[in-house]
Amino acid sequence: MATETVKVLIVDDQRLVREGLKALLEIEECLVVLGMATNGQEAVEMASALHPDVILMDVRMPVMDGVTATRQILKTQPEVRVLVLTTFDDDEYIHDALQAGATGYLLKDTPSEDLTLAIKVVAKGHGHLGPSIAARVFSGAKRPIASSPSSAPFQGLTPRELDVLRLLEKGASNREIGEKLYISEGTVKNHVTNILTCLNLRDRTQAALYAKEHGLT
């Protein structure tokens, strides 16, 4: 069976980076580079015209930054997946990009094979964080939060869904959650879907970040 093609838009203000990424991605038969934007404003315009599956988005750029561009693009094209690729691993950038709707976050020192794999992963709707970024998110290296949550941020979730969300926040897979709670993976998937719908989140990465920020323990 033929591999499904993933259409990619590259957004970076450095010409050398754009051209290097284009050359790298075009080695992969299943990846097609639709275009390259030099700033967030161009990204918004090109995304609207080209309808990419995945956008490789830098965060710090002139005219319009990547976080603002991500937010604007996803407002009109929620099916697009944004994978941040940047040199910046500041907590604020990570937080803002994920809150804006980015599906993944990688640093530019990521090995080429890991980058192409990440593109394929996020194209399928799965969240993907680079190892160092995941460590920061899941270890609590984010903004300080209250030690005891109010019920409001999690209103509508059942006690079992809260249990699932706690394990999501710790980075557990569906299989690990099922083993921990003595339920099937299918049941876990249903709970995750209900959690994302109830909290209006895109994926499990955002759910984990949401749980961390609102003090779910």
Side-chain angles (χ1 to χ4, degrees), residues 1-38 40 43 46-47 50-61 66-67 69-70 73-74 77 79-91 93-98 100-139 141 168 170-176 185 189 192 202-209:
M1 188 173 72
T3 304
E4 187 173 352
T5 299
V6 178
K7 298 173 292 183
V8 182
L9 174 64
I10 297 171
V11 186
D12 197 289
D13 62 334
Q14 297 183 26
R15 180 177 179 179
L16 186 61
V17 173
R18 294 194 304 273
E19 293 180 349
L21 287 171
K22 184 175 185 292
L24 170 66
L25 299 186
E26 288 184 337
I27 295 174
E28 296 280 328
E29 291 185 1
C30 64
L31 302 181
V32 175
V33 176
L34 296 180
M36 299 185 290
T38 63
M46 293 181 72
L50 300 176
H51 304 289
D53 299 310
V54 176
I55 300 177
L56 280 183
M57 182 79 75
D58 197 3
V59 288
R60 185 181 292 180
M61 295 179 290
V67 172
T70 295
I73 290 168
L74 296 180
Q77 295 178 270
E79 73 282 359
V80 174
R81 308 302 178 188
V82 177
L83 175 59
V84 172
L85 182 66
T86 184
T87 58
F88 303 102
D89 63 351
D90 308 58
D91 289 346
Y93 279 125
I94 298 169
H95 169 273
D96 291 349
L98 295 177
T103 310
Y105 199 109
L106 295 176
L107 299 181
K108 286 181 178 176
D109 61 359
T110 298
S112 59
E113 61 271 20
D114 292 348
L115 173 59
T116 55
L117 175 61
I119 292 172
K120 297 171 188 177
V121 168
V122 301
K124 295 178 180 178
H126 305 301
H128 188 92
L129 300 176
S132 63
I133 303 302
R136 296 172 76 99
V137 171
F138 295 125
S139 68
L168 276 181
K170 295 177 180 177
S173 66
N174 286 348
R175 180 182 60 80
E176 291 168 335
E185 284 191 58
K189 290 179 181 179
V192 172
R202 284 173 60 89
D203 52 47
R204 58 196 298 130
T205 300
Q206 281 200 344
L209 184 61

(request) Given side-chain hydrogen bond (donor to acceptor under 3.5 Å, both in side chains), test Thr86 with Asp58 step by step and report yes or no. (result) CA-CA 5 Å; Thr86 184; Asp58 197 3; 3.0 Å; yes
(request) May I ask you to test the Arg202-Leu74 pair for a side-chain heavy-atom distance under 4.5 Å? (result) yes
(message) Just so I know, are the side chains of Val8 and Val32 near enough to count as touching, which here means a heavy-atom distance under 4.5 Å?
(response) no
(request) Measure the shortest side-chain to side-chain distance between Met57 and Ile73 over non-hydrogen atoms and say whether it is less than 4.5 angstrom. (result) yes
(message) Side chains of Leu85 and Leu115, heavy atoms from C-beta outward: is any pair under 4.5 Å?
(response) yes
(request) Please say whether more than 12 non-hydrogen atoms of neighbouring residues, nucleotides or ligands are located less than 6.0 Å from CD in Glu79. (result) yes
(request) Check Ala102 against Val84 and note the closest heavy-atom contact, atom names and distance. (result) CB-CG2, 3.9 Å
(message) Which heavy atom of Leu83 sits nearest to which heavy atom of Ala118, and what is that distance?
(response) CD2-CB, 4.0 Å
(message) For the residue pair Arg60 and Phe88, would you count it as a cation-pi contact if the rule is NZ or CZ under 6.0 angstrom from the ring centre and within 45 degrees of the ring axis?
(response) yes
(message) For a 4.5 angstrom cut-off between non-hydrogen side-chain atoms, does Val6 reach Cys30?
(response) no
(message) For Leu107 versus Ser132, what's the shortest heavy-atom pair and its separation?
(response) CD1-OG, 3.6 Å
(request) State, with a plain yes or no, whether a side-chain heavy atom of Leu9 is found less than 4.5 Å away from one of Leu56. (result) no
(message) Applying the side-chain contact (heavy atoms from CB on, under 4.5 Å) criterion to Lys120, which one of His128, Glu4, Glu28, His126 satisfies it?
(response) Glu28
(message) Between Lys189 and Glu185 (salt bridge meaning N to carboxylate O under 4.0 Å), is one present in this structure?
(response) no
